[in-house]
Amino acid sequence: MLPESLLVRLRDARHVCVLTGAGVSAESGVPTFRDAQQGLWAQYDPMELATPEAFQRDPELVWRWYRWRRELVSRAEPNAGHRALAELQDLVPRLTLVTQNVDGLHQRAGSQDVIEFHGNLFSNHCFARCNDDHPVDRDDAKVPVCPDCGASVRPGVVWFGEGIPEEALNASFAAAADCDVFLSVGTSSIVYPAAGLGTIAYESGAMTIEVNPNPTEQSGTFTSTLRGNAAVILPKLIELLAH
Ligand code: OAD
């Protein structure tokens, strides 16, 4: 059951900030990264795939992996958890939705102004960054080359060792520091700087809630935790908030 105190705080909230991770897309059939066995990392070593060095070493392998993920995500549908967050934006004065996911499912569920902390699977760009303004809208089987400079085209996602897009970073930190309620949904809270947003919110006086069927390294740092699946808990939260 949801704590009454959370509903009271949500009803009075001026600004709600939500951080999502791969767990919110799990019920859409999109594998998470670290869930044992079926997680993406179970059969791959992330250092072999999600780094600039991996792409330089074997661009075709990395390109194929992301192309496989794009096809998988294109076949997936937003789930009730995504839809609940899209509804939440109409129930509170201000909602900032920050996602670590690159699957675009929040937008397909109707969420506006989603902050994509780790980029997006569907926005490729030139590896040499000759012209960041125009994503290269290609999905060739082989690694495309940049039409402007001939360098390889790469997926528009943030790789290990790369910085978070500055606008996304600043907007997310500002929202965490300003919000009255912070929801962390479906993330193992392992990868920084995204994993630091909950603490910023908590230290700024927000009520912070973790929504996850499993405990995480940071569970003890939240005001409270709701143990369960996002596609079950979030719709229940919205139903109680809307009535
Ligand atoms: P993880 O795979 O690390 O964690 C997924 C979390 O979702 C786990 O804590 C699960 O318990 C939880 N979970 C699973 N099913 C769920 C459900 N139905 N409802 C709610 N939670 C559920 O994925 P992330 O935390 O998103 O970064 O990983 C963070 C970052 O690490 C990713 O963005 C990616 C990865 O490396 C980059 O690639 C830069």
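For ligands, and for the atoms within them, numbers begin at 1 and follow the listed sequence. These numbers come from a predicted model, not from an experiment.
- For atom 36 (O) of ligand 1, the nearest non-hydrogen atom from the set Phe160, Phe33, Tyr192 comes from Phe160.
- For the pair Arg67 and Glu71, the salt-bridge criterion is met [side-chain N within less than 4.0 Å of a carboxylate O].
- When the heavy-atom distances from atom 21 (N) of ligand 1 to Pro213, Ala230, Ser184, Ala22 are ranked, the shortest goes to Pro213.
- Polar contact check, Gly21 against ligand 1: no nitrogen or oxygen pair lies under 3.5 Å apart.
- Counting only residues at least two apart or in different chains, salt bridge (Lys or Arg N to Asp or Glu O under 4.0 Å) contacts with residues 207-227 comprise Glu210-Arg227.
- Of the N or O atoms in Thr216, none lie within a sub-3.5 Å distance of an N or O in ligand 1.
- A salt bridge is absent between Glu162 and Arg129: the closest approach of a Lys/Arg side-chain nitrogen to an acidic carboxylate oxygen does not fall below 4.0 angstrom.
- Contacts classified as salt bridge (Lys or Arg N to Asp or Glu O under 4.0 Å) and involving residues 173-184 (residues at least two apart or in different chains) are given here: Arg14-Asp178, Arg14-Asp180, Arg94-Asp178.
- Between the side chains of Thr187 and Gln100, at least one donor N or O lies within less than 3.5 Å of an accepting N or O.
- Trp159 and Phe55 have their aromatic ring centers within a separation under 6.0 angstrom.
- For ligand 1, the polar-atom distance check against Ser189 finds no nitrogen or oxygen pair separated by under 3.5 Å.
- Looking at Asn101 next to ligand 1, no N or O pair under 3.5 Å apart turns up.
- Any N or O atom pair closer than 3.5 Å counts here, and Trp159 shares no such pair with ligand 1.
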